[in-house]
Amino acid sequence: MIDEIPKQYNPKETEDKWYKFWEESNFFAAKPNPAKKPFTIVIPPPNVTGILHMGHALNNTIQDILIRYQRMQGKETLWMPGTDHAGIATQNVVEKAIAKEGLKRQDLGREKFIQRVWLWKEQYGSTIIRQLKKLGASCDWPRERFTMDEEYSKAVKNAFVILWRKGLIYQDDKIINWCPRCQTALSDEEAPHRELQGNLYYLRYPLKDNPQECVVVATTRPETLLGDTAVAVNPKDKRYKKLIGKILILPLINREIKVIADSIVDMKFGTGAVKVTPSHDPNDYSLGKKHRLEFINVMHPDGKMNEFAGDYKDMDRFEAREVILEDLKEKKLLEKVEPHPLSAGHCYRCHTIIEPYLSRQWFVKMASLAKPAIEAVKKGKIKFHPQRWTKVYLNWMENIQDWCISRQIWWGHRIPIWYCLDCKKNTASVETPLKCDECGCVNIKQDEDVLDTWFSSWLWPFATFKNKEDLKYFYPTSTLVTAPEIIFFWVARMIMAGLEFQKDIPFKDVYIHGTVRDIEGKKMSKSLGNIIDPLEITNEYGCDALRFSLISITAQGQDVYLSKERFEQGRNFANKIWNASRFILMNLDTSVIKTDLCVFFKKEDLSLVNRWILSRFYSTLKSVEKYLDNYQFNEAANLLYGFFWHEFCDWYLELIKSEIKNPHNQVVMYKILEKFLRALHPFMPFITEEIWQKLPHEGSSIMLTAWPHLQENIIEPKIENIMEEALEIITNIRNMRLGLEIPPQADNVSVKISVPDKNKRAVLESAANHIKNLARLNKVEILGEYKRAEREFSSVFKDKHITIPLSGVIDIEKHQEKISLKIAKAESDIKLKEKMLSDKNFLKRAPQEIVEKEREKLNNLKDEVQKLKGVKDGLR
RNA sequence: GGGCGGUUGGCGCAAUUGGUUAGCGCGCCUGAUUUACAUUCAGGAGGUUUACAGGUUCAAGUCCUGUACCGCCCACCA
């Protein structure tokens with residue numbers, strides 16, 4: 001039966017099978033269990049419109065590793081899944097879909113359109129969830145939430161009403177980011193600035209008194225001149241002092257505007273005179289308020305010019321710009337044009353250039369919400385990994401602006417504000433009110449706008465829990481795993497919401513992983529066509545390969561540069577595991593391995609090689625645990641990789657090959673493989689399950705086994721010493737192989753190499769190879785005996801000796817010298833430190849922390865010297 | 001304008017609180033094959049010693065100061 005195991009690992013056949021098994025067996029389910037500690041992660045809910053990309057793959061692999069690892073550590077683990085309704089994005093997608101039928105959303109009307117969106121969601125909204133399952137994500141799927149679920153919507157309204165009652169929500173006219181394509185307001189975070197190559201246009205505004213004389217203003221957006229209601233100069237600017245208060249004639253539409261003075265104007269920029277368009281620029285807006293200027297909005301919400309734009313009515317804003325420039329040129333009012341780099345906001349959904357636009361929107365006052373959220377991070381209740389993001393977070397929070405939360409779209413949580421059409425009062429309410437609170441009339445109407453999608457996402461860590469019992473047990477959640485792009489959008493706001501609505505932090509740790517980029521460092525995006533599809537990789541190399549490769553090349557928090565070839569490493573590793581396991585299975589005597597391992601240990605009669613590999617394995621495990629606790633996933637993965645491939649396979653299995661039936665060897669190789677599979681399971685869940693199931697095992701699935709801990713009865717201090725000894729011997733064998741040198745003038749000096757153990761065929765083989773190589777490299781002829789032995793390794797090696805023509809063996813003297821130097825230096829330092837620590841003055845004056853630190857340093861130094869001495873001895 | 005990250009062999013990246021001979025993967029070169037695995041094994045070349053210039057230290061890729069280049073984020077530069 002074992003012979004039927006194929007030579008190559010075939011992930012396709014196994015992955016779906018085991019995922020189905022896990023899911024159907026309810027292994028992912030979590031419920032409050034007082035006997036266990038909880039470990040909770042809430043998934044960053046992907047958009048319902050989402051299609052799995054590498055960012056998701058990385059993000060969810062990390063979460064799955066944490067969840068599976070903690071589950072094996074005996075925690076009650078909940079990974080809460082769900083999706084986000086993604087207001088604008090989803091609305092755009094559905095609008096595109098109905099456009100194929102020749103329809104606009106206005107043709108359908110609000111209610112019917114929303115029905116269509118729901119329909120779309122039913123049909124396509126689970127794509128991303130199916131894809132996450134392909135990744136092996138062990139989410140508690142029956143708990144899946146959607147940010148528009150009934151209960152969730154109620155939580156959103158609740159949050160709104162609470163803030164409203166606290167007076168933290170207000171409506172105001174402000175210049176906001178307006179996307180003319182999506183026709184909605186956006187928050188500052190949703191309108192990221194991008195560099196553009198623009199122009200600086202110098203325009204002449206003639207004086208009313210003397211049309212020959214002009215004030216030249218510089219602008220990047222000449223079309224806004226139609227809405228100008230002043231020109232501002234700096235009061236200190238000598239050039240313009242006499243013009244302050246004068247009247248200018250606005251070109252093209254011949255409106256009269258005044259020259260005003262304000263110190264905000266930078267004299268060095270442009271001409272020092274600036275046109276003021278209070279309705280189309282945030283700076284000008286505040287100037288307008290300050291100087292009581294007229295506010296003239298010249299644009300329709302769709303970016304076309306309106307009736308105030310005179311002849312330019314109905315032109316698109318950029319078309320109008322061109323025409324206006326032409327007209328100005330004709331009238332000789334365009335002095336010059338200079339190229340000028342500028343940055344403009346872009347809609348984060350459709351990338352259209354944002355129009356700063358004056359409109360009436362809803363805002364949340366953020367200052368009081370930010371305060372406790374700043375505290376929580378400063379006091380270390382919430383920790384960022386890597387730490388450097390703390391600063392980014394704090395910097396944003398400390399300069400936080402009020403949050404524009406109203407969106408002029410249809411898909412989303414409608415703002416729970418009701419207006420009374422009679423008494424004009426408005427009120428917020430979770431339930432639909434029957435009549436006006438103030439005047440008692442029934443003539444009431446709900447606000448037309450919906451809330452920013454992030455106004456629902458910020459409640460995610462707690463609004464996803466349906467009952468109090470769960471909330472109490474699983475909240476605060478343990479770790480949030482996410483990308484740097486959404487620290488402001490989401491992470492910061494969740495912290496504020498958690499503290500505001502739950503009076504507790506939403507999570508203890510935030511792990512920010514890097515951005516996945518292509519091999520040239522560009523962000524992967526559809527438009528660039530540089531996408532590597534995770535599902536394609538899964539198909540070709542297997543999901544485990546995808547996960548492992550991704551993790552092993554992602555250094556903590558650094559961006560990842562990907563190319564398809566990178567996944568070969570993971571695939572090769574999976575195949576290596578497969579074949580090593582195949583080899584072990586073929587040679588495993590199941591009656592032997594039932595014997596308890598520790599019996600051998602107590603007798604201390606395991607061979608050196610066995611003790612060595614066990615010692616290596618346990619120290620590997622220890623480090624892996626340390627790295628996982630530290631969010632250093634790549635280190636953990638690479639350690640397991642290196643141990644398995646280059647120590648367990650290349651050395652251990654080769655060394656025991658000839659005595660593979662020896663019961664000690666049987667037990668050790670079986671135990672290590674079985675435990676290694678468990679340790680690797682969080683990283684490569686499928687292949688580990690597949691092999692584990694083939695091995696003799698207890699329990700129904702590897703994912704329910706315990707993380708392989710050190711066993712006290714195996715690693716006794718005594719035994720550990722012996723293992724060190726074993727390690728030394730193996731190391732020396734390595735050194736021997738690596739250190740062989742043939743001096744160029746080598747003659748017939750013979751050196752005998754003898755290998756201490758009798759099962760060293762592999763070592764001798766490689767030694768022979770090496771010698772051959774060296775001889776060839778140094779153009780040394782291989783002499784008699786050895787040459788003949790080339791085809792007869794086995795017989796030559798039988799007496800465990802080979803005679804070769806070379807002199808030097810291992811040149812370690814230099815190294816030893818270096819180490820001796822270091823030891824001497826360290827020892828003198830120890831003396832210094834000891835002196836310092838016995839100095840009464842120092843102890844009296846230095847702060848306690850410093851003294852402690854010095855003590856620690858001293859101890860470290862002592863350890864270091866011990867280590868160095870050990871190394872030195874090891875080289876002898 | 002402010003902040004952050006990066007600069008280590010041909011390429012992509014590691015290196016815990018300063019401490020063994022600076023590692024790994026890919027690529028390259030040489031060799032091995034009655035083999036668990038060619039998605040393999042053994043070995044080798046390749047770092048003028050970690051962008052540059054100083055400094056601290058017994059010890060610096062790691063800490064400090066400065067410079068250069070690359071990338072990212074934030075900001076109301078019309």
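Everything quoted here is computed from the prediction, not taken from an experiment. Each chain gets a letter, A, B and so on, in the order the sequences are listed, and its residues count up from 1.
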Kindly say whether the aromatic ring centers of [X] and [Y] come within a distance under 6.0 Å.
| X | Y | value |
| --- | --- | --- |
| A:H385 | A:F633 | no |
| A:F648 | A:F676 | no |
| A:F683 | A:Y641 | no |

*For A:V392 and A:N572, take the nucleotide of RNA chain B holding the closest heavy atom to each; which residue's nucleotide lies nearer the 5' end?*
A:N572
*Map A:T271 and A:Q569 onto RNA chain B by nearest heavy atom, then report which one ends up closer to the 5' terminus.*
A:Q569
Give a yes/no answer on whether the side chain of [X] brings an N or O atom under 4.0 Å of OP1 or OP2 in [N].
| X | N | answer |
| --- | --- | --- |
| A:H385 | B:rU16 | no |
| A:R571 | B:rA38 | no |
| A:K391 | B:rC4 | yes |

*Base B:rU40 to side chain A:K576, donor-acceptor N/O within 3.5 Å cut-off*: no
Nearest to the side chain of [X], which nucleotide is it out of [options]?
| X | options | answer |
| --- | --- | --- |
| A:E635 | B:rA14, B:rG25, B:rA36 | B:rA14 |
| A:T220 | B:rA78, B:rG25, B:rC73 | B:rA78 |
| A:N283 | B:rC76, B:rU40, B:rA36 | B:rC76 |
| A:R194 | B:rA36, B:rC73, B:rA78 | B:rC73 |

How many Å lie between [atom1] on [X] and [atom2] on [N], as a whole number?
| X | N | atom1 | atom2 | answer |
| --- | --- | --- | --- | --- |
| A:F567 | B:rG12 | CZ | P | 17 Å |
| A:Y393 | B:rC4 | OH | C1' | 18 Å |
| A:Y541 | B:rU39 | OH | P | 12 Å |
| A:N638 | B:rG12 | CG | C1' | 13 Å |

_In whole Å, measure the gap between the P atoms of B:rU67 and B:rG1 for me._
13 Å
